[in-house]
Protein chains: 2
Amino acid sequence: MAGEELVFKVKADLLKSLAHPSRLAILEYLKKKEASVGEMVIKLGIEQSGLSKHLSVLKQSGILSSRQEKVTVFYSVRDKDIFVVLRTISEILMKKFREGEYLLQHLARAKP
Amino acid sequence: MAGEELVFKVKADLLKSLAHPSRLAILEYLKKKEASVGEMVIKLGIEQSGLSKHLSVLKQSGILSSRQEKVTVFYSVRDKDIFVVLRTISEILMKKFREGEYLLQHLARAKP
DNA sequence: ATTTTATATGAGGATATTATCATATGTTCA
DNA sequence: TGAACATATGATAATATCCTCATATAAAAT
């Protein structure tokens with residue numbers, strides 16, 4: 001694989017690890033503080049086994065880290081810059097939908 | 001689907017549309033100027049049919065827009081903020097790999 | 001020692017994504 | 001008109017991702 005292609009692949013892999021609704025919910029939940037798997041099972045309503053796998057995806061990609069205390073595993077966000085990515089995504093979507101509303105309103109008015 | 005879940009789904013869909021090496025290559029190519037499909041087939045070395053589908057994914061998700069001139073279709077980036085996302089992704093990866101190098105060097109030194 | 005608790009993992013099928021090939025569509029030009 | 005060109009689309013097969021269920025692991029409590 002050519003050098004640049006490898007770079008694109010690595011970036012795409014990181015984006016892929018973000019690109020799932022449950023994983024976005026996890027990240028939002030971990031924005032302010034670390035949390036254990038059990039806590040997230042309850043608060044996010046994701047089934048234990050699935051949650052564990054999503055956490056593992058986020059850890060493999062370097063977005064989360066974990067520490068263990070007795071039997072409990074706590075996950076936390078490794079690099080807060082990930083939230084810059086997510087906030088920008090939100091802004092892009094908000095702009096887009098605002099344009100959509102604008103268009104809708106003006107199309108409706110132009111009807112007759 | 002609950003309101004918040006829908007929001008996560010919409011964000012995840014946008015991230016998914018970014019999460020492919022060819023599509024990242026397309027976006028980088030379109031960073032400075034619009035380009036036609038034919039031009040990108042040549043410069044990016046992606047096969048015509050596949051490229052057309054990747055462009056369609058990016059257009060559906062609102063990242064690209066297109067205009068037609070005779071038979072030629074030109075694509076361009078609709079909201080430059082998408083590059084904020086990509087730059088931040090790069091920065092996160094660079095930090096991560098620098099940490100990796102650092103660790104490697106110190107592990108090597110601590111060997112004996 | 002056995003049971004309970006917290007988390008991770010493996011197997012299976014269901015669904016989604018991708019690549020490729022062939023073909024369709026629409027436009028220009030001879 | 002019909003050949004050539006630029007792009008899009010459909011079908012299919014290959015691959016990847018996801019969900020769920022069952023079970024594994026490992027520490028704690030009884």
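Order of the sequence lines fixes the chain letters, A, B, ..., with proteins taken first and strands second; residue numbering starts at 1 for each chain.
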What heavy-atom pair brings A/A25 and A/L44 nearest, and what distance separates the two atoms?
O-CD2, 4.1 Å
Residue pairs involving residues 18-33 of chain B (criterion salt bridge (charged side-chain N to carboxylate O under 4.0 Å, His left out); sequence neighbours excluded):
B/K33-B/E39
Need two values: the first and the last nucleotide of DNA chain C, 5' to 3', having an atom under 4.0 Å from any heavy-atom of chain A.
C/dA6 to C/dA11
Looking at B/S61 and A/K96, what are the two nearest heavy atoms and their distance?
O-NZ, 3.4 Å
Atom of A/R78, atom of A/G62 and distance for their closest heavy-atom approach
CD-O, 3.1 Å
Just call it for B/Q48: base, sugar-phosphate, or nothing, with non-hydrogen atoms closer than 4.0 Å on any strand.
base
Under 4.0 Å from any atom of DNA chain D, heavy atoms only: list the residues of residues 18-42 of chain B that qualify, in numerical order.
B/S36, B/V37, B/G38
B/E34 CD: over 12 foreign heavy atoms closer than 6.0 Å
yes
For the residue pair A/V73 and A/R67, establish whether any side-chain heavy-atom pair is separated by less than 4.5 Å.
no
Correct closest heavy-atom pair for A/L24 and B/A12 would be CD1-N, 3.6 Å
Residues in residues 49-62 of chain A with a heavy atom under 4.0 Å of DNA chain D, by number, are A/S49, A/G50, A/K53, A/H54
Does A/K80 have more than 12 heavy atoms from other residues, nucleotides or ligands lying within 6.0 Å of its NZ?
yes
Is there a path of hydrophobic side-chain contacts, each under 4.5 Å between heavy atoms of I/L/V/M/F/W/Y residues, joining B/Y75 to B/V57?
no
What contact category does B/Y75 fall into here, base, sugar-phosphate, or nothing, at under 4.0 angstrom with non-hydrogen atoms?
sugar-phosphate
Quick check on the hydrophobic clustering: are B/F74 and B/V37 connected, directly or via other members, by side-chain heavy-atom contacts under 4.5 Å?
no
I'd like to check A/L93 versus B/V7 (side-chain heavy atoms, cut-off strictly below 4.5 Å). Are they in contact?
no
Is the shortest side-chain heavy-atom distance between B/S36 and B/M40 below 4.5 Å?
no
Leading and trailing nucleotides of DNA chain D with any atom under 4.0 Å from heavy atoms of chain A
D/dT17 to D/dA28
Under 3.5 Å, side-chain donor or acceptor atoms of residues 81-92 of chain B against the rest of the protein: list the pairs with distances, not counting sequence neighbours.
unit_1	atom_1	unit_2	atom_2	d
B/D81	OD2	A/K95	NZ	2.8
B/T88	OG1	B/V84	O	2.7
B/S90	OG	A/K11	NZ	3.0
B/S90	OG	B/L86	O	3.3

